[in-house]
Amino acid sequence: MTTIKDVANEAGVSISTVSRILNFDDTLSVGEDTRRRVLEVAEKLQYKKRNKRQVKTGKQIAIVQWHTDKEELSDLYYLQIEYGIENKAASLGATVERVTYESIDKNRIKNFDGIIAVGKFDKTEVTELASYGLPVICIGENYLQYGLDCIRSDFESPVRKIVDRFIEKGINDIGMIAGKELTVTEKQGVRDPRVATFNQYLSEKGLYNSGFVFQGPFGPDSGFELMNKAIGELGDKLPHGFMIGSDSMAVGVLRALQQHNIKVPDRVSIISFNDVAIAKYTSPALTTVHVHTELMGERAIEMLLQRIKNPKKVPELTIIATELVNRESSK
């Protein structure tokens, strides 16, 4: 397994700096360039190098980011996907360029061979992307209704598995700290399948309590604030099991629990989502749902090349399975 020392050596910074960056220590005075370099190195060192020879395509591909660069550094999920895209593109000799949706040059974008849109785009944005006349592959949501190929992860199945796991461990009071997102242009709320499945599945089992569900922006600061809110409102009735919307939120959750001297996993078991690099370096290390982000990125490249070759191909939705990774934050 990649160590903090490995990340420090590759990024050219101290081990303590890496540790503080991976734990989103907001008291650390470090430039955004250094923070990004450390986070990107940590993610890239997770992946195995692929030596398989590929036919070179020479294609030019635009990755359209939903989030700004700064927002991506607070969550890392989309950064992981983009690395998967870039890794596969490099093996095929394709050129990749990242742009945010809001910074697209409408004249220059038409020089690309295709677009991979990463994130949660609304109707206005999807229509705009399709209007450029290029093949578009979307990662993150189901956009078949717009005639676009798309890829998403299976978040429903692991929610049920986590609930069942908690119940098997004798935990029937289960809470959730989830992210809440809005689209950029229309400011529409984005449906989170984890929240919907959590509410439905616990209701079916007669265990749902709306007072145990807290939502806010993705990121460590939000996780910290939401767990503090849960502790303040619930006191001794704080659930013994919590499902957390992302690893970065879980970093903040752990910080809040530690400040209140609430032991993890003795008093509260924590299971989060995504399995980004930071999940291994928290204390305790996070039990989390591994999302195959690199595979999502690779599949997006493959689908884009298929679409370029056959523009009239029937649009497809690909759902990538996820798996639970057991570490120290849950019983």
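All of these numbers come straight from a predicted model, not from anything done at the bench.
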Under 3.5 Å, sequence neighbours excluded: what are the donor-acceptor pairs made by side chains of residues 7-15?
from  : atom 1 : to    : atom 2 : distance (Å)
Asn9  : ND2    : Lys5  : O      : 3.4
Ser14 : OG     : Ser16 : OG     : 3.1
Ser14 : OG     : Thr17 : N      : 3.1
Ser14 : OG     : Thr17 : OG1    : 2.8

Which side-chain N or O atoms in residues 299-307 pair as donor and acceptor under 3.5 Å with protein atoms at least two apart or in another chain?
from   : atom 1 : to     : atom 2 : distance (Å)
Arg299 : NH1    : Glu302 : OE1    : 3.3
Arg307 : NE     : Asp149 : OD2    : 2.8
Arg307 : NH1    : Pro311 : O      : 2.8
Arg307 : NH1    : Lys313 : O      : 2.6
Arg307 : NH2    : Asp149 : OD1    : 3.3
Arg307 : NH2    : Asp149 : OD2    : 3.0
Arg307 : NH2    : Lys313 : O      : 2.8

Please evaluate residues Ile278 and Ser248 with respect to the criterion side-chain contact (heavy atoms from CB on, under 4.5 Å), reporting the C-alpha separation (whole Å), side-chain torsions for both, the decisive distance (0.1 Å), and the verdict. CA-CA 8 Å; Ile278 60 173; Ser248 62; 4.3 Å; yes
Go through Leu254 and Met249 one step at a time and tell me if the side-chain contact (heavy atoms from CB on, under 4.5 Å) criterion holds. CA-CA 9 Å; Leu254 288 173; Met249 292 188 85; over 6 Å; no
side-chain contact (heavy atoms from CB on, under 4.5 Å) assessment of Ser203 paired with Gln200: CA-CA 5 Å; Ser203 295; Gln200 179 184 359; 5.7 Å; no
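Side-chain contact check for Met227 versus Ile231: some heavy-atom pair is nearer than 4.5 Å. The closest side-chain heavy-atom distance from Ile271 to Ile244 is not below 4.5 Å. Val184 is listed as a side-chain neighbour of Glu102, based on a closest heavy-atom distance under 4.5 Å. Counting only heavy atoms from C-beta outward, the side chains of Val289 and Asp275 never approach each other to under 4.5 Å. Using a 4.5 Å heavy-atom threshold, the side chains of His240 and Lys169 count as separate. Residues Tyr281 and Leu286 form no side-chain contact, since every pair of their non-hydrogen atoms from C-beta on lies 4.5 Å or further apart.
Aromatic ring pairs are classed by plane angle as parallel below 30°, tilted from 30° to 60° and perpendicular above 60°; the pair His292 and His290 is perpendicular. Ring-plane geometry between Trp66 and Tyr78 is classed as perpendicular, the angle between the planes exceeding 60 degrees on a 0 to 90 degree scale with a lower cut at 30.
Rounded to the nearest 0.5 angstrom, Phe112 CZ and Ile63 CD1 are separated by 10.0 Å. How far CZ of Arg327 is from OG1 of Thr282: 8.0 Å, rounded to the nearest 0.5 Å. In this structure, OG1 in Thr127 is found 12.5 Å from CZ in Phe121, a value given to the nearest 0.5 Å. Interatomic distance, Cys138 SG to Leu148 CG, rounded to the nearest 0.5 Å: 5.0 Å. For the atom pair CG (Asp192) and CE (Met176), the distance works out to 6.0 Å, reported to the nearest 0.5 Å. Once rounded to the nearest 0.5 Å, the distance linking CZ of Phe242 with CG of Asp173 reads 8.5 Å.
Applying the salt bridge (charged side-chain N to carboxylate O under 4.0 Å, His left out) rule to Arg152 yields the partners Glu156; only residues at least two apart in sequence or on another chain are considered. Legend: residues meeting salt bridge (charged side-chain N to carboxylate O under 4.0 Å, His left out) with Arg108, ordered by chain and number and at least two apart, are Glu97. Partners of Arg160 according to the side chain to side chain donor-acceptor pair (under 3.5 Å) rule, which considers only residues two or more places apart in sequence or in another chain, do not exist here.
Applying the ring pair (Phe, Tyr, Trp, His ring centres under 6.0 Å) rule to pairs touching residues 173-217 yields nothing, sequence neighbours excluded.
Side-chain atoms of Arg165 come within 3.5 Å of backbone atoms of Lys331 as a donor-acceptor pair (strictly under, hydrogens ignored). Distance alone, capped at 3.5 Å, is enough to place a donor-acceptor pair between the Asn142 side chain and the Leu144 backbone.
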